[in-house]
Amino acid sequence: SLFVPPYSLVSSIDPRDPVTNIVTAVLVEGVGISWPSTDGSTYTVQWTDHLGSNTVWNSMNPVAGDWTTKTVFDPTGMHSNRAYRGMETP
């Protein structure tokens with residue numbers, strides 16, 4: 001599945017004060033790409049800004065599968081004509 005948030009929310013709770021919850025937010029534009037992973041597989045998300053017959057794909061860092069949902073984040077994805085594809089290596 002493809003998850004495209006307009007921002008990411010990072011929150012934290014102050015463990016020293018159970019009455020007061022301190023929540024901080026960091027707004028970041030970009031594209032998050034999520035998928036269910038399989039243990040033993042390696043996943044590589046690739047991107048390009050120019051689809052065509054001679055498309056050059058750029059690889060993001062590989063991600064090891066472990067039966068959980070994996071997500072990679074591209075902070076520049078919302079500002080371009082970027083396209084993505086995922087590759088699984090067993």
Side-chain angles (χ1 to χ4, degrees):
S1 67
L2 176 65
F3 174 63
V4 183
Y7 59 87
S8 293
L9 179 64
V10 179
S11 64
S12 64
I13 298 174
D14 186 350
R16 297 166 294 182
D17 186 357
V19 176
T20 304
N21 292 335
I22 298 172
V23 178
T24 59
V26 178
L27 299 180
V28 180
E29 291 186 6
V31 174
I33 301 165
S34 300
W35 66 93
S37 71
T38 303
D39 190 39
S41 289
T42 300
Y43 300 87
T44 304
V45 174
Q46 296 182 321
W47 60 270
T48 186
D49 288 330
H50 306 287
L51 286 174
S53 59
N54 295 319
T55 299
V56 175
W57 291 95
N58 304 283
S59 294
M60 300 174 85
N61 290 332
V63 178
D66 61 3
W67 297 113
T68 64
T69 299
K70 297 298 180 182
T71 301
V72 294
F73 186 75
D74 181 359
T76 61
M78 296 284 290
H79 299 290
S80 65
N81 294 323
R82 191 156 289 184
Y84 298 90
R85 71 180 182 182
M87 299 174 57
E88 179 182 11
T89 305

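Treat the numbers as computed from the prediction; the structure is a model and nothing was measured. These numbers come from the heavy atoms of this one structure, side chains and all, not from hydrogens, waters or symmetry mates.
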When rounded to the nearest 0.5 Å, the distance separating CD of Gln46 from CE of Met60 is 11.0 Å

Indicate whether any N or O donor in one side chain lies under 3.5 Å from an N or O acceptor in the other, for Thr76 and Arg82. yes

Does the side chain of Thr38 come within less than 4.5 Å of Glu88's, by heavy atoms? yes

d(Trp47 CH2, Arg85 CZ) to nearest 0.5 Å is 13.0 Å

Rounded to the nearest 0.5 Å, how far does OG1 of Thr71 lie from CZ of Phe73? 10.5 Å

If you measure from CD1 on Ile33 to NZ on Lys70, what distance do you get to the nearest 0.5 Å? 15.5 Å

Does a sphere of radius 6.0 Å around CG in Asn61 hold more than 12 heavy atoms from other residues, nucleotides or ligands, not counting ones at 6.0 Å or beyond? no

Pairwise side-chain contact, Thr89 with Tyr43, heavy-atom cut-off 4.5 Å (strictly under): no

Is a donor on one side and an acceptor on the other found under 3.5 Å between the side chain of Thr48 and the backbone of Val56? yes

Interatomic distance, Asp74 atom CG to Tyr84 atom OH [nearest 0.5 angstrom]: 3.5 Å

If you define the side chain from C-beta out and look only at heavy atoms, does anything of Val72 sit under 4.5 Å from Trp35? yes

Between the main-chain N or O of Asp66 and the side-chain N or O of Ser37, is there a donor-acceptor pair closer than 3.5 Å? yes

